[in-house]
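To start, the structure under review is shown below, and the notes come after it.
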Amino acid sequence: MKVACLGAGQLGRMLALAGYPLGIELEFYDRTADTPGGQVGPILTGEFDDLNKLKKLARRADVVTFDWENVPVGSLTALKGLAPIYPQPAALAVAQDRLLEKKLFVQLGIPTPGFFAVESHDDLKAAITKIGLPGILKTRRMGYDGKGQYRLTKPSDVAKAWSALGGQPLIYEAFIHFSREVSLIAVRSQKAELAYYPLSENSHHDGILHSTCAPFKAPALQRKAERYLRMVLEHFRYVGVLTIEFFVADGQLVANEMAPRVHNSGHWTIEGAVTSQFENHLRAILGWPLGSTQARGYSAMLNFIGSLPDRQTLLTQPGVHLHDYGKREARPGRKLGHATLVADSSLARDRALKLLSRQLKSTKRQTRAR
Ligand code: AMP
């Protein structure tokens with residue numbers, strides 16, 4: 001079985017690694033060959049609007065998928081008829097635009113922060129009059145990991161926010177005073193089989209996911225989140241893994257955004273669930289039966305951003321699994337790898353996570369001191 005994957009980042013790499021034992025081969029497509037995916041599987045290089053190359057790739061694949069959310073939707077739709085494309089390009093089109101995404105949540109009755117589209121400085125002032133302060137001004141497109149966002153807390157921030165982001169389609173949204181952030185990962189197969197992972201609790205630093213603990217056990221929220229995900233999945237007759245990130249405010253879920261792909265907050269499922277999100281995505285898009293999404297214990301995932309820890313020091317802690325994405329260049333804010341640990345209880349998990357975080361901090365200090 002051959003899956004063509006547009007984008008060869010760490011998500012693609014983990015898809016490929018999940019596919020090998022099942023006899024599934026991924027062929028990647030990206031601008032350059034030395035990518036996390038390209039290091040573990042064949043890769044065709046080209047621009048994302050080079051339809052001839054993309055068609056060549058699709059013709060030799062059983063199914064086309066993507067690991068990158070900014071794949072041009074037009075390039076995907078141009079491949080229709082050559083191979084099935086999952087998740088559906090229509091879902092990707094919505095996820096690429098924060099305004100369409102929020103409108104879909106509203107249409108389906110999924111709570112989301114109050115929002116207004118902003119095209120001009122006057123629109124921004126009008127949106128602030130309606131929604132108030134604090135609020136967040138975000139680019140509608142190409143925003144990720146907290147990029148393309150400006151938080152406004154006082155009237156004098158308006159001019160600064162406009163000069164930082166103005167001149168492109170924007171959205172102004174109400175600031176949610178949340179108690180925690182959670183995400184739900186669901187999977188729907190070609191045969192309309194549905195499965196949900198337990199909720200993950202996520203902690204962000206500077207808009208980037210820092211760590212995830214799962215399962216986050218809150219049965220009422222789990223049921224509600226599953227209902228919301230099901231509505232989106234059925235709306236698109238979606239095939240593959242879908243993630244929605246929520247704020248928890250006053251005990252209620254408020255949807256922030258959706259990702260039509262495997263997700264960073266689901267990396268714990270590799271060691272911490274019976275079937276990983278990566279394997280289930282492949283099973284879903286190939287029309288195979290889904291695997292159990294049950295958690296095996298209590299997991300924590302820690303992202304390595306900007307630098308990787310010393311491998312040997314990290315691995316002195318029993319039960320820690322290291323994932324190095326093979327990126328040659330370390331840059332501030334760049335995700336280079338992650339570690340997962342699985343424990344028998346949430347208490348033991350929290351203790352192990354604390355120990356790991358402390359160990360990482362001290363290795364960082366030592367590295368700096370050298
Ligand atoms: P995003 O790129 O939309 O996922 O935003 C990155 C992070 O910024 C989120 O995980 C939140 O921590 C924070 N954030 C984004 N939007 C809001 C909001 N409307 N209210 C409060 N915090 C937000």
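Counting convention: from 1, in listed order, for ligands and their atoms alike.
- Ring-centre distance between Tyr86 and His281: not below the 6.0 Å cut-off.
- Side-chain N or O atoms of Arg13 include one that pairs as donor or acceptor with a backbone N or O of Asp324 at under 3.5 Å.
- Of all heavy-atom pairs spanning Leu82 and Arg59, the tightest one is CD2-NE, 3.9 Å.
- For ligand 1, the atoms lying closer than 4.0 Å to a non-hydrogen atom of Lys138 are 3 (O), 15 (C), 16 (N).
- Looking at Asn202 against ligand 1, nothing comes within 4.0 Å, counting heavy atoms.
- At least one heavy atom of Ala174 sits closer than 4.0 Å to an atom of ligand 1.
- Listed by number with element, the atoms of ligand 1 under 4.0 Å from a non-hydrogen atom of His204 are 10 (O).
- Taking distance alone, with nitrogen or oxygen atoms compared against 3.5 Å, Glu181 approaches ligand 1 more closely than that limit.
- Residues Glu119 and Arg140 are paired through a salt bridge, judged by an N-O separation under 4.0 Å between the basic side chain and the carboxylate.
- Checking only distances, Gly207 never comes within under 3.5 Å of ligand 1, N or O to N or O.
- In this structure, Tyr29 has its ring center closer than 6.0 angstrom to the ring center of Phe48.
- A cation-pi arrangement is found for Arg151 relative to Phe175, the charged atom lying closer than 6.0 Å to the ring centre and inside a 45° cone about the ring normal.
- Against a heavy-atom cut-off of under 4.0 Å, Glu173 is close to the following atoms of ligand 1: 16 (N), 17 (C), 18 (C), 19 (N).
- Aromatic ring centroids of Phe247 and His177 lie 6.0 Å or more apart.
- In His177, neither the side chain nor the backbone holds a heavy atom less than 4.0 Å from any atom of ligand 1.
- Among the atoms of Ile176, some N or O lies under 3.5 angstrom from an N or O of ligand 1.
- Using a 4.0 angstrom heavy-atom cutoff, Arg98 counts as in contact with ligand 1.
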